[in-house]
2 protein chains.
Amino acid sequence: MKRREFGQYCGLARALELVGERWALLIVRDLAARPRRYTDLIEGLPGIPSNVLSTRLKELEQAGIVERQVAPAPQRGLVYTLTASGRELEPAILTLGRWGATQLGEPRPGEIVTPESVTMVLRASFNETAAAGLTASWEVRAPGLVLHAVLTDGKPDIGPGPAPGDADLVITVPLDGEIPAYRYLMQAMKCGLVELAGRRDLLDTFTRVFTPPQAV
Amino acid sequence: MKRREFGQYCGLARALELVGERWALLIVRDLAARPRRYTDLIEGLPGIPSNVLSTRLKELEQAGIVERQVAPAPQRGLVYTLTASGRELEPAILTLGRWGATQLGEPRPGEIVTPESVTMVLRASFNETAAAGLTASWEVRAPGLVLHAVLTDGKPDIGPGPAPGDADLVITVPLDGEIPAYRYLMQAMKCGLVELAGRRDLLDTFTRVFTPPQAV
DNA sequence: CCGAATCCGCAGTGATACTG
DNA sequence: CAGTATCACTGCGGATTCGG
């Protein structure tokens, strides 16, 4: 399985050799949100051919970016996880995603939103300065979507699924239809078109902490 | 020329649709260093097929990332430049390149280094904190390579070619052979195996300003 | 059901040659 | 110098099949 090379001794070229193939960075993004099984990945990557996913996972495993593990406690089966160097890709993914977000425009027909993509946008929108020193937890709910964001002394834990323990504030965005994109979630929050349960004063904190300095 | 899509309303997916095709980000990297002509690009991207370069440039132009211009003063001809949104890709390129640099290992046989790639590594290595408030200029020379780095009150101008005006310090790295990779340049500087012309005290400043906090 | 492997048609790519 | 043109090849997309 000889991989195609760029012939340059350059960090960018090497990065593209390792994660530049089609679908590769999207797979890493999904795994950065949380460990996933093969079929979870298929579901979160609309239209990926199963043979391509299989090939990418092997390449990423060989590159030391992805690990294949037997799932721990309840559900057994195989899960794919990022290794340490895979996790170090997160800043690159977030930075590239921030740029892409400026090019998004309106959703095109058929384009979907997944919990993993919203998770990464939420991480990309995290404003370290605004969060400094804060401790609080939120749970965001919308159709097909539950996310948690926990701040511990300014350090974020942002991911899909409910907050561990009880969230200080549960924000429910009462929209219809499919999973809404992050921008529509934030729009609803800033207009107050949300249902709150818990410390209502933390809604404003949330929008400030999850709006990047340069805006998305 | 229908472009392949990922079917996700997500910044990362959109970014990959726009600059995820083979060679695209390397072309953007070369143009981020300085405007280049078609044949300059061919020369700086070892092994790129000319038809692929041609196709990519058209796609990038249509995406509003690259502009085709008639060269200004002396040499006439066509040059390709980044648009504003193309220039906004630079943080993403630098971040991805920093990750790739951690995966580089030793140069593989036949891998080359180009002035554009070294320029981008120099920009990626810039340490804003260490540079704060400084004003100074350097010129780095090595076989096949001349770079300038100008600091004005902490603001960097880093690119290929000699410094505008006279550099405060000219650092010549006396190596043989092809263009050396950035890491070898820095190694030589930190060991003092360089020739200096100008304010010799600025050598140490240079190595501090161009070593990122987490090291490359 | 999960986790793939296999087969096929086609589009994107690589290599080379050629042209305004 | 700045690209087209041609053609072989391979990776990708789509579907189906297969073993645990």
Side-chain angles (χ1 to χ4, degrees), chain A residues 1-8 13 16-27 30-31 35-63 66-81 110-112, chain B residues 1-8 13 16-27 30-31 35-63 66-81 110:
Chain A
M1 199 181 298
K2 216 189 62 175
R3 80 172 51 257
R4 292 185 294 173
E5 298 168 1
F6 285 107
Q8 298 201 1
L16 293 173
E17 286 169 4
L18 295 172
V19 296
E21 306 289 307
R22 197 160 162 74
W23 295 103
L25 265 190
L26 292 177
I27 293 169
D30 275 18
L31 295 179
R36 314 232 71 198
R37 293 181 304 178
Y38 188 85
T39 38
D40 298 332
L41 290 167
I42 290 271
E43 193 183 355
L45 300 167
I48 189 174
S50 66
N51 57 347
V52 172
L53 175 57
S54 174
T55 306
R56 286 295 165 276
L57 286 171
K58 278 178 203 149
E59 291 166 352
L60 292 170
E61 198 178 346
Q62 184 159 12
V66 158
E67 261 174 358
R68 200 173 186 271
Q69 295 177 335
V70 176
Q75 74 274 50
R76 78 193 176 285
L78 301 174
V79 290
Y80 292 90
T81 322
E111 282 191 331
I112 67 164
Chain B
M1 197 182 300
K2 216 188 64 172
R3 85 171 46 256
R4 292 187 294 173
E5 298 168 1
F6 284 106
Q8 300 202 0
L16 293 173
E17 287 169 6
L18 294 171
V19 295
E21 307 289 309
R22 196 160 161 76
W23 295 103
L25 266 191
L26 292 177
I27 293 169
D30 275 19
L31 295 179
R36 313 232 70 195
R37 293 180 303 179
Y38 188 85
T39 39
D40 298 331
L41 289 167
I42 290 273
E43 192 183 354
L45 300 168
I48 190 175
S50 63
N51 57 348
V52 171
L53 176 57
S54 174
T55 306
R56 288 295 166 275
L57 286 170
K58 278 178 201 150
E59 291 166 352
L60 292 170
E61 199 178 344
Q62 184 159 11
V66 158
E67 261 175 357
R68 199 173 186 270
Q69 295 176 335
V70 176
Q75 75 274 50
R76 77 194 176 288
L78 301 173
V79 291
Y80 291 91
T81 322

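Below, chain A is the first sequence line, B the second, and so on; all start at residue 1.
Counting non-hydrogen atoms under 4.0 angstrom, Leu78(A) reaches the backbone sugars and phosphates but no base.
Residue Arg68(B) places no side-chain N or O under 4.0 Å from the OP1 or OP2 atom of dA2(D). Residue Lys58(A) places no side-chain N or O under 4.0 Å from the OP1 or OP2 atom of dG3(C). Taking only side-chain nitrogens and oxygens, Tyr80(B) comes nearer than 4.0 Å to OP1 or OP2 of dG3(D).
Computed from coordinates, the Leu57(B) CG to dG3(D) P distance equals 8 Å when rounded to whole Å. As a whole-Å value, the separation of Ile42(A) CD1 from dC12(D) C1' is 14 Å. In this structure, CD of Glu21(A) is placed 16 Å from C1' of dA11(C), rounded to the nearest angstrom. At whole-Å resolution of the value, CZ in Arg36(A) and P in dA4(C) are 15 Å apart. If you take CG of Leu53(B) and P of dC1(D), they are 14 Å apart, rounded to a whole angstrom. Distance Glu43(B) CD to dG3(D) C1': 17 Å, rounded to the nearest Å. When the P atom of dC12(D) is taken as reference, atom CD of Glu17(B) falls 16 Å away, rounded to whole Å. What separates CG of Leu45(B) from C1' of dA2(D) is a distance of 15 Å, to the nearest Å.
Side-chain atoms of Leu41(A) and Leu57(A), non-hydrogen and from C-beta on, do get closer than 4.5 Å to each other. Using a 4.5 Å heavy-atom threshold, the side chains of Leu31(B) and Leu60(B) count as separate.
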Check nucleotides 14-20 of chain C for protein N or O atoms closer than 3.5 Å to its own N or O atoms and list the pairs.
residue	atom	partner	partner atom	Å
dG14(C)	OP1	Arg22(B)	NE	2.4
dG14(C)	OP1	Arg22(B)	NH2	3.2
dG14(C)	OP2	Trp23(B)	NE1	3.0
dG14(C)	O6	Asn51(B)	ND2	3.3
dA15(C)	N6	Asn51(B)	ND2	2.8

Evaluation steps, side chain to side chain contact (heavy atoms under 4.5 Å, CB included), between Thr81(A) and Val66(A): CA-CA 6 Å; Thr81(A) 322; Val66(A) 158; over 6 Å; no
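Closest contact between the side chain of Tyr38(A) and the listed nucleotides dG3(C), dC12(D), dA5(C) involves dG3(C). Picking from dG12(C), dG3(D), dG3(C) the nucleotide with the shortest atom distance to the side chain of Thr39(A) gives dG3(C).
Using the six-membered ring where Trp is involved, Tyr80(B) and Tyr38(B) have ring planes that are tilted, between 30° and 60° apart.
Residues Ala24(B) and Val19(B) share a closest heavy-atom pair of CB-O, 3.6 Å.
Under a 4.0 Å N-O distance rule, the pair Arg56(A)/Glu59(A) qualifies as a salt bridge.
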